[in-house]
Amino acid sequence: MQRITINQLQKIDDYRWCIPRGVIPNMNTEGLVYASKKILDIIGDDLSLTQTANVATLPGIVGRSLAMPDIHQGYGFAIGGVAAFDWDKGVVSPGGVGFDINCGVRMLKSNKKAEELKDKLESIAERLFRNIPSGLGSEGRVKISVGEVDDVLTEGTQWAVKKGYGIAEDLKFIESDGCLSGVNPAKVSEQAKKRGKSQLGSLGSGNHFLEIQEVVETFEGNIPPFHFEKGDAVFMIHTGSRGLGHQVATDYIRIMKHALEKYNIYVPDWELCAAPISSAEAQDYLSAMNGAANFAWANRQMILHWMRESVREFVPDMKLTMIYDVAHNIAKIEHYKNKKVLVHRKGATRAFGPGNPEIPKEYQEIGQPVIIPGSMGTYSYLLLGTKKAEEESFGSCCHGAGRAMSRAEAKRRYSVQQAFSDLEKKGIIVKAASKIGVVEEVPGAYKDVDDVVEVVVGAGLARKVIKTRPLVVIKG
Amino acid sequence: MEKSNFKIISHPADTGIEIEAENLEGLFSSAVAGLNATVFEKPENLEITEEKEISVKGEDIKELLVNFLTEILVLLDSEKFVAGAVEFKKIDEKNLEAILKGGKLNIEKMGFLTEIKAITYHQLAVEKKDEKWFARIIFDI
């Protein structure tokens with residue numbers, strides 16, 4: 001594969017770099033990389049720029065192939081990539097969504113200050129770690145049948161609330177109200193349902209986590225309806241569709257691999273395997289993907305319920321209210337300039353601006369909340385989407401800090417003792433099912449989230465609301 | 001039973017294995033061993049207590065290997081069954097029938113490193129060179 005270097009980019013401004021058409025053959029459009037020079041020096045070493053250009057060769061692409069500042073090398077599509085396709089003439093690609101369909105993040109406001117929770121954090125952490133399954137083989141606490149999995153696939157968070165997990169009020173503060181329509185459960189394989197059935201209501205492992213955080217800086221913290229202050233305690237859940245979504249992706253990558261030849265689609269990298277959106281293969285994938293997305297939202301809803309229960313054991317008057325829940329691995333049907341498109345966001349977050357009818361009325365004046373979890377032990381941000389994002393990046397923004405170092409390299413450079421000691425020095429309580437997993441997630445393995453956020457804010461794709469730091473980290 | 005011959009390899013965001021074997025049985029058995037070594041701290045502590053029969057197909061040898069390891073993963077996720085050894089009744093480049101010998105997942109005894117989300121086609125290689133089989137598989141974690 002031809003590899004693009006940062007020297008081949010054309011600088012547009014301090015936050016935008018163009019990958020010109022023609023830098024690799026068969027590009028239908030340009031690439032646009034949102035990055036600072038500092039970030040470019042990090043991403044220049046991997047294939048993410050090349051992968052962004054490769055996406056530009058896909059048929060029916062609308063606008064440019066986009067790369068967010070947390071971009072890093074993935075399978076076919078880079079992680080941190082956004083690409084929109086014409087609904088009638090374009091393609092859908094499972095690689096443009098990722099294996100963990102609707103991996104996403106949920107943020108909650110509490111009615112407490114971090115200081116008030118200080119003496120109880122160890123106990124709360126222990127209870128969260130015990131009550132919310134995490135790690136390998138982490139089964140959900142609830143046994144459901146394969147038939148009930150179908151209900152979860154079609155109803156998403158509505159299923160969870162019906163079963164007593166959380167309250168109806170939670171749902172409107174979730175992207176797409178926590179349920180995408182048009183799901184045919186028959187398009188999700190039995191293998192996927194088997195994997196998912198025992199994992200609904202579990203955190204998983206890797207970079208999935210729960211956090212209790214403290215607001216350390218406010219930027220527009222008092223923009224209504226927000227009333228954030230420094231020292232407020234907030235909560236965060238980061239997880240996805242577990243084995244069900246992973247299996248859906250695996251199944252349809254296999255199907256799309258064969259679709260390339262059937263539909264005579266040229267790709268410079270077969271991992272961009274795709275099918276015309278109008279094809280049966282594509283429609284089946286979208287149905288299954290929506291089902292997996294709904295599964296992930298139900299998963300986060302159940303975890304929220306157990307989080308509330310766990311915390312209230314020690315703080316009986318604790319209230320956790322939804323700020324928002326965003327997906328960052330998904331393909332969504334949206335409209336831009338009266339054109340219906342399918343927007344792939346792989347490691348990227350929707351960031352709609354004020355006035356967008358798809359966001360809750362409470363946020364109509366200010367825009368959609370965008371949650372940016374930092375890497376383990378580092379800062380996170382709450383941002384707001386903008387009209388500029390809708391005009392330029394298909395209403396999209398970054399999703400996190402983005403890996404800068406392989407897991408193997410992280411394990412070479414850091415010991416378990418060092419990783420835990422660093423967290424302890426920062427006063428962070430960690431409960432982890434895998435100690436090696438903690439090493440793989442050290443902050444040094446990721447880009448600096450401040451640098452990433454600076455780019456999306458500098459480019460006008462988002463505005464800062466608050467910055468938070470972790471007090472408790474629960475991971476699998 | 002074939003001797004396992006694999007090594008764990010690095011990848012920018014995930015992890016993988018490279019395998020070498022005399023024949024397909026050895027290749028596929030080593031792939032299971034490599035998967036277990038990726039997931040568990042002490043895979044050697046697996047207690048073999050049960051057997052499962054599986055039958056897997058693929059369009060070619062690469063797809064067969066991915067589908068085989070995917071089935072191993074499905075059994076781990078859905079039934080907490082860890083495959084230890086594999087006894088092949090039949091294997092060629094598009095089909096296999098085998099008996100998996102394994103046991104129940106026991107994190108306390110085997111330790112836990114990481115979950116594997118999926119067996120990917122990324123940089124997937126399965127080839128025969130100089131009478132030996134080689135494979136490379138990247139796991140999405």
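As the structure is a prediction and not an experimental result, all values here were calculated from the model.
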field: Identified side chain to side chain contact (heavy atoms under 4.5 Å, CB included) partner of Ile137(B) from the options Thr38(B), Thr15(B), Val126(B), Leu65(B)
entry: Leu65(B)

- request: Keeping the roles fixed (side chain from Ser202(A), backbone from Gln199(A)), state whether a donor-acceptor pair exists under 3.5 Å.
  value: yes

Would you check if there is a donor-acceptor pair between the side chains of [Y] and [X] at a distance under 3.5 Å?
X	Y	value
Ser205(A)	Glu115(B)	yes
Lys346(A)	Asn329(A)	no
Asp251(A)	Ser189(A)	yes
Glu281(A)	Tyr263(A)	yes

Chain A contacts, top residue of Thr114(B), Leu73(B), Ile119(B) (heavy-atom pairs, under 4.5 Å): Leu73(B)

statement: Interface check, chain A: of Ile8(B), Asn67(B), Val66(B), most non-hydrogen pairs under 4.5 Å belong to Asn67(B)

- request: Under 4.5 Å heavy-atom distance to chain A, tell me which part of Ile138(B) shows up: side chain, backbone, both or neither.
  value: side chain

query: Is the shortest side-chain N to carboxylate O distance from Glu20(B) to Arg136(B) below 4.0 Å?
result: no

task: Report yes or no: is the cationic atom of Lys117(B) (NZ for Lys, CZ for Arg) under 6.0 Å from the centre of the six-membered ring of Phe139(B), at an angle within 45° of the ring normal?
output: no

task: Tell me whether the guanidinium CZ or amine NZ of Lys129(B) lies under 6.0 angstrom from the six-membered ring centre of Phe134(B) and within 45° of its axis.
output: yes

Using non-hydrogen atoms only, which part of [X] is less than 4.5 Å away from chain B: side chain, backbone, both, or neither?
X	answer
Ile253(A)	side chain
Gln191(A)	both
Asp100(A)	side chain

field: chain B interface, residue from Lys194(A), Lys193(A), His246(A), His258(A) that has the most non-hydrogen pairs under 4.5 Å
entry: His246(A)

field: Selection from Gly196(A), Gly98(A), Ala433(A), Gly245(A) maximising heavy-atom pairs under 4.5 Å formed with chain B
entry: Ala433(A)

field: Part of residues 39-53 of chain B lying next to chain A, heavy-atom separation under 4.5 Å
entry: Val39(B), Phe40(B)

query: Given the side-chain rings of His328(A) and His238(A), with only the six-membered ring counted for Trp, is the space between their centroids under 6.0 Å?
result: yes

